[in-house]
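Below you'll find the structure, written out as structure tokens, and then a few comments.
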Amino acid sequence: MTTDPARQRRAVLRALAIVATALLAACNTVTTLVKERMTEGDQGSPMVRAVTGLGDLPFASAYVRSGDRFEGLVILGSIDAGAVQNWYGREGFMLQIKGDRLTYSRGLPVDVLETYPAALAFAEQEYDCGDGIRYAEPPALFYTRLRNETGFLAELRQDLSCRIEPIVTPGYAGDALRVDESYLFLPHPQPQRRTRWLHPQTRQLLRLEYAEHPLAPEVTISWLKPAARR
């Protein structure tokens with residue numbers, strides 16, 4: 001019997017909804033439990049098992065948190081031309097990831113509506129991150145429009161650094177390539193910080209962190225099963 005892929009994805013989303021409801025109803029958050037796992041190795045926690053067990057699903061999946069106001073689960077629905085990843089969750093929640101950055105969201109406290117690099121903004125510098133790992137510098141200037149903004153903000157990078165560092169997430173434990181960026185949402189004077197955690201060999205995105213900023217809340221995406229590189 002042939003399995004309908006759309007029906008299978010809907011079934012997975014329903015399963016994610018059940019797990020998400022259990023997570024949100026519990027006294028401790030997933031973040032706290034993951035921290036316990038990192039410090040105490042508490043493999044016996046049923047909620048940690050529930051989250052890490054999602055890595056056994058046939059689809060790429062991720063856990064999303066925005067400060068204390070939002071958390072959810074998403075699965076990879078498709079990868080469009082141009083390597084745009086479309087991730088879906090409950091009640092219309094959606095993320096788009098391209099080039100290891102959040103380019104669109106629907107359902108976060110502050111949504112990203114559009115972002116694209118400025119013309120001729122591509123640099124060719126490579127950074128030495130140690131252990132023979134090099135990282136190609138991404139564009140230094142992007143234009144980004146947030147849902148609560150009427151126009152585009154110029155996103156200008158100030159500095160970038162990279163290094164190999166161990167990380168533990170619900171879906172990965174081991175060395176990772178950590179890339180830290182500091183940039184400005186011009187004309188706002190306060191820097192924003194973005195941290196990417198990449199698998200050092202495959203360069204799959206393992207974790208993506210946006211620090212708290214006056215124009216946008218903190219957002220953390222931890223991949224339970226990362227999307228394959230194309």
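What you are looking at is a predicted structure, and each value in this text was computed from that prediction instead of being measured. For reference, positions follow the sequence shown, starting with 1. All values below come from the heavy atoms of this structure, side chains included, with hydrogens, waters and symmetry mates left out.
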_Once side-chain hydrogen bond (donor to acceptor under 3.5 Å, both in side chains) is applied, do any residues pair with Asp128, and if so which ones, sequence neighbours excluded?_
none

*Report the distance from atom CD of Gln201 to atom NE2 of His199, rounding to the nearest 0.5 Å.*
5.5 Å

*Say you draw a straight line from OH of Tyr88 to OG of Ser78; how long is it, rounded to the nearest 0.5 Å?*
4.5 Å

*Please lay out, stage by stage, how Tyr143 and Thr115 fare under the test side chain to side chain contact (heavy atoms under 4.5 Å, CB included).*
CA-CA 5 Å; Tyr143 293 108; Thr115 182; over 6 Å; no

_Member of Ile79, Leu205, Leu95, Thr103 meeting the side-chain contact (heavy atoms from CB on, under 4.5 Å) criterion with Gln85_ = Ile79

_Contacts of type salt bridge (Lys or Arg N to Asp or Glu O under 4.0 Å), residue Arg193, not counting sequence neighbours_ = none

*Do Phe70 and Phe93 have their ring centres less than 6.0 Å from each other?*
yes

_Can you give me the closest heavy-atom contact between Tyr210 and Leu102, atom names plus distance?_
OH-N, 3.0 Å

_Under the criterion side chain to side chain contact (heavy atoms under 4.5 Å, CB included), I'd like the reasoning laid out for Arg194 against Leu208: C-alpha separation, chi angles, the key distance, then a yes or no._
CA-CA 7 Å; Arg194 174 173 49 234; Leu208 179 60; 4.0 Å; yes

*asked:* Against the six-membered ring of Phe142, is Arg101 placed for a cation-pi contact (under 6.0 Å from the centre, within 45° of the normal)?
replied: yes

_Quick check for you: to the nearest 0.5 Å, what is the distance between Leu153 atom CG and Leu184 atom CG?_
11.5 Å

_Could you report the tightest heavy-atom contact between Tyr172 and Ala176, atom names first, then the distance?_
CE2-CB, 4.5 Å

*Answer yes or no: is there a side-chain heavy-atom contact under 4.5 Å between Leu215 and Leu146?*
yes

_Separation between CD1 of Ile221 and OH of Tyr63, rounded to the nearest 0.5 Å_ = 12.0 Å

*Specify the closest pair of heavy atoms between Gln190 and His188, including all atoms of both residues, with the distance to one decimal.*
N-ND1, 3.2 Å

*To the nearest 0.5 Å, what is the distance between NE2 (His213) and CD (Gln192)?*
5.5 Å

*asked:* Just by distance, no angles: are the side chains of Thr144 and Glu155 close enough, under 3.5 Å, to form a donor-acceptor pair?
replied: yes

_hydrophobic_cluster_shared for Val84 and Met94, side chain cutoff 4.5 Å_ = no

*Is there a side-chain contact between Leu156 and Phe185 (heavy atoms, below 4.5 Å)?*
no

*Flag the pair Val179 / Leu160 as yes when at least one side-chain heavy-atom distance between them is below 4.5 Å, and no otherwise.*
yes

*Output the distance between atom CD (Glu126) and atom CZ (Arg134), rounded to the nearest 0.5 Å.*
5.0 Å

*asked:* Looking at every non-hydrogen atom in both residues, tell me the closest pair between Tyr104 and Leu113 and how far apart they are.
replied: CD1-O, 3.3 Å

*Heavy-atom check, side chain of Glu218 versus side chain of Arg65, under 4.5 Å*: yes

*Report yes if some heavy atom in the side chain of Val110 is under 4.5 Å from a heavy atom in the side chain of Arg147; otherwise report no.*
no

*Going by heavy atoms in the side chains, are Ser105 and Gln96 under 4.5 Å from each other?*
no

*Who pairs with Tyr127 by ring-ring contact (aromatic ring centres under 6.0 Å, His included), at least two apart in sequence or on another chain?*
none

*So do the side chains of Pro138 and Arg157 get within less than 4.5 Å of each other, counting heavy atoms only?*
yes

*What are the two closest heavy atoms between Ser222 and Pro170, and how far apart are they?*
CB-CD, 4.2 Å

*asked:* Among Leu177, Ile133, Asp180, which residue satisfies the side-chain contact (heavy atoms from CB on, under 4.5 Å) criterion with Cys162?
replied: Leu177

_Check: Tyr116 ring centroid to Phe152 ring centroid under 6.0 Å_ = yes

*Partners of Trp223 by side-chain hydrogen bond (donor to acceptor under 3.5 Å, both in side chains), sequence neighbours excluded?*
none

*Can you list the residues that meet the salt bridge (Lys or Arg N to Asp or Glu O under 4.0 Å) rule with Arg196, with sequence neighbours excluded?*
Glu181

*For Arg207 and Thr169, test the side chains for any donor-to-acceptor distance below 3.5 angstrom and give the result as yes or no.*
no

*Of the non-hydrogen atoms in Gly151 and Arg145, which two are nearest, and what is the gap between them?*
O-CG, 3.7 Å

*With sequence neighbours left out, what residues match Arg106 under salt bridge (Lys or Arg N to Asp or Glu O under 4.0 Å)?*
none

*Less than 4.5 Å apart, any side-chain heavy atom of Asn86 and any of Leu76?*
no

